[in-house]
2 protein chains.
Amino acid sequence: MSDLLERLLGRGWRMTSQRRVVAEVLSGDHIHLTADEVHARAVRRLPEISRSTVYNTLGELVSLGEVAEVSTDGRAKRYDPNARRSHQHLVCSGCGTIRDVHPVGDPLAGLPAEQRFGFTVSDAEITYRGLCPSCA
Amino acid sequence: MSDLLERLLGRGWRMTSQRRVVAEVLSGDHIHLTADEVHARAVRRLPEISRSTVYNTLGELVSLGEVAEVSTDGRAKRYDPNARRSHQHLVCSGCGTIRDVHPVGDPLAGLPAEQRFGFTVSDAEITYRGLCPSCA
DNA sequence: TTGTCTGCAAATGTTTTGCATTTAC
DNA sequence: GTAAATGCAAAACATTTGCAGACAA
């Protein structure tokens with residue numbers, strides 16, 4: 001069973017066939033699907049599943065903190081099931097492929113106090129850009 | 001005259017009243033407007049300007065590398081006129097305010113070779129998140 | 001049983017496109 | 001004069017919402 005699904009069951013999340021399929025589709029490493037792609041894959045396993053349900057479910061998973069919304073730049077948001085493991089993204093400027101990466105060091109260290117405008121800074125999101133081996 | 005407008009004229013960009021107004025609206029520091037906000041402000045100066053022209057113009061400015069698209073997370077893209085000066089963003093999780101910041105050090109240094117998946121990494125985009133003084 | 005999830009269809013918000021007209025160079 | 005920009009209206013997408021019926025607990 002998928003890690004995501006397992007965590008959700010452990011949290012007592014109300015389970016339905018639709019929710020299970022969405023959780024299964026999202027499971028794995030380097031998964032960054034759009035809502036529509038999630039729906040397309042879900043339909044293969046459960047033909048009746050509706051787009052609204054996929055949106056509802058994704059929205060709920062994001063609220064629960066189990067899935068992260070990633071806006072790389074295209075128009076549709078992408079959903080990343082590895083919200084629990086802190087990580088950043090490496091995006092290919094050629095084909096758009098996304099990989100999860102784990103940079104070393106404290107990302108907040110680069111922002112000196114005088115650059116913080118009085119903000120309480122709690123987090124940094126980094127998107128590395130470059131070309132993947134196939135596109136280079 | 002605005003810096004942006006000046007640079008565009010220097011590049012021999014074909015000038016029209018609509019384009020001038022869009023460039024003027026975008027000028028300044030810490031400016032991060034949506035296409036719709038750009039249109040609203042442009043209409044004040046030039047009532048006939050259409051939304052399509054604003055979109056066309058913004059798209060062209062992005063292609064020229066004079067303006068950057070910033071997807072903070074909401075649905076509409078925001079446009080940042082300071083694409084030429086390398087900088088990153090600090091976003092308030094409360095009210096959404098965006099400030100431009102200039103972190104110290106090489107942002108690519110945090111990504112070790114074994115984390116690069118064979119990519120040629122050329123750039124890093126950082127979004128710092130926190131609460132601004134009013135929201136804290 | 002009961003509260004909630006699901007699915008449909010319609011609405012909303014953002015951006016793009018086709019094409020006739022106007023305009024900068 | 002000519003190629004390119006503009007504006008309109010309509011289309012294309014992405015996402016949200018309202019509500020009746022279905023379903024998990």
Side-chain angles (χ1 to χ4, degrees), chain A residues 4-5 8-26 32-64 66-80 96, chain B residues 4-5 8-26 32-64 66-80 96:
Chain A
L4 176 56
L5 193 46
L8 291 167
L9 289 173
R11 290 178 73 157
W13 196 50
R14 185 164 183 171
M15 191 51 60
T16 65
S17 48
Q18 291 83 344
R19 288 175 163 206
R20 185 191 321 281
V21 166
V22 169
E24 283 170 0
V25 161
L26 280 177
H32 307 90
L33 303 171
T34 62
D36 204 56
E37 286 164 349
V38 172
H39 179 248
R41 297 190 184 197
V43 162
R44 289 188 214 147
R45 291 158 166 263
L46 191 68
E48 325 63 54
I49 194 171
S50 75
R51 230 170 285 268
S52 327
T53 295
V54 170
Y55 275 106
N56 286 342
T57 305
L58 290 172
E60 197 162 342
L61 291 174
V62 171
S63 304
L64 288 170
E66 295 289 350
V67 165
E69 262 179 22
V70 181
S71 356
T72 51
D73 60 7
R75 35 182 147 206
K77 293 173 198 155
R78 292 184 173 273
Y79 294 86
D80 183 335
Chain B
L4 177 56
L5 194 46
L8 291 167
L9 289 173
R11 290 178 75 155
W13 198 47
R14 187 163 182 172
M15 191 51 62
T16 66
S17 48
Q18 290 84 342
R19 287 174 164 208
R20 185 190 324 280
V21 167
V22 169
E24 283 170 0
V25 161
L26 280 177
H32 307 90
L33 302 171
T34 62
D36 204 56
E37 287 164 349
V38 171
H39 178 249
R41 297 191 185 197
V43 162
R44 289 188 212 147
R45 291 158 167 265
L46 192 67
E48 320 67 52
I49 193 172
S50 75
R51 229 171 286 268
S52 327
T53 296
V54 170
Y55 274 105
N56 287 342
T57 305
L58 289 173
E60 197 161 340
L61 291 174
V62 171
S63 303
L64 289 169
E66 295 290 350
V67 165
E69 262 179 22
V70 180
S71 0
T72 51
D73 59 8
R75 27 182 153 208
K77 291 174 199 156
R78 293 184 173 274
Y79 294 87
D80 183 335

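Convention: sequence-line order gives letters A, B, ...; per-chain numbering from 1.
When the side chain to side chain contact (heavy atoms under 4.5 Å, CB included) test is applied to Thr34(A), the partners found at least two apart in sequence or on another chain are Asp36(A), Glu37(A), Ala76(A), Arg78(A). Legend: residues meeting side chain to side chain contact (heavy atoms under 4.5 Å, CB included) with Arg44(B), ordered by chain and number and at least two apart, are Arg41(B). Applying the side chain to side chain contact (heavy atoms under 4.5 Å, CB included) criterion to Ser71(A), with sequence neighbours excluded, gives Ser71(B). Under the salt bridge (Lys or Arg N to Asp or Glu O under 4.0 Å) criterion, Arg75(A) pairs with no residue, sequence neighbours left out. Remark: Ser50(A) pairs with Ser52(A), Thr53(A) by the side chain to side chain contact (heavy atoms under 4.5 Å, CB included) rule, at least two apart or across chains. Among residues two or more places apart in sequence or in another chain, the side chain to side chain donor-acceptor pair (under 3.5 Å) test is passed with Asn56(A) by none. Taking the side chain to side chain donor-acceptor pair (under 3.5 Å) definition, one finds that Arg20(A) meets it with nothing, sequence neighbours left out. In this view, Glu24(A) and Arg45(A) satisfy the salt bridge (Lys or Arg N to Asp or Glu O under 4.0 Å) rule, not counting sequence neighbours.
Checking side-chain atoms of His39(B) against main-chain N and O of Tyr55(B) turns up no donor-acceptor pair under 3.5 Å.
The nearest heavy atom of DNA chain C to Trp13(B) and to Asp36(B) marks one nucleotide each, and the one closer to the 5' end goes with Asp36(B). Position along DNA chain D of the nearest nucleotide to Arg75(B) versus Ser50(B) favours Ser50(B) as the more 5'-ward residue.
Nearest heavy-atom pair, Val54(A) versus Ala35(A), reported as atom, atom and distance to 0.1 Å: CG1-O, 3.7 Å.
The nucleotide range of DNA chain D contacted by chain A, defined by atoms under 4.0 angstrom from heavy atoms of the protein and reported 5' to 3', is dA14(D) to dA25(D). Here the range on DNA chain C touched by chain A, meaning any atom under 4.0 Å from one of its heavy atoms, is dG3(C) to dT16(C).
Helix-axis bend for the helix from dT1(C)-dA25(D) to dC25(C)-dG1(D): the local axis fitted to the five terminal pairs at one end deviates from that at the other end by 40°, rounded to 10°.
Trp13(A) is listed as a side-chain neighbour of Leu61(A), based on a closest heavy-atom distance under 4.5 Å. Here the side chains of Glu69(B) and Tyr79(B) are in contact, with some heavy-atom distance below 4.5 Å.
Distance check: Ile49(B) CD1 to Thr57(B) OG1 gives 6.5 Å after rounding to the nearest 0.5 Å.
Listed in residue order, the members of residues 14-25 of chain B having a heavy atom less than 4.0 Å from DNA chain D are Arg14(B), Thr16(B), Gln18(B), Arg19(B).
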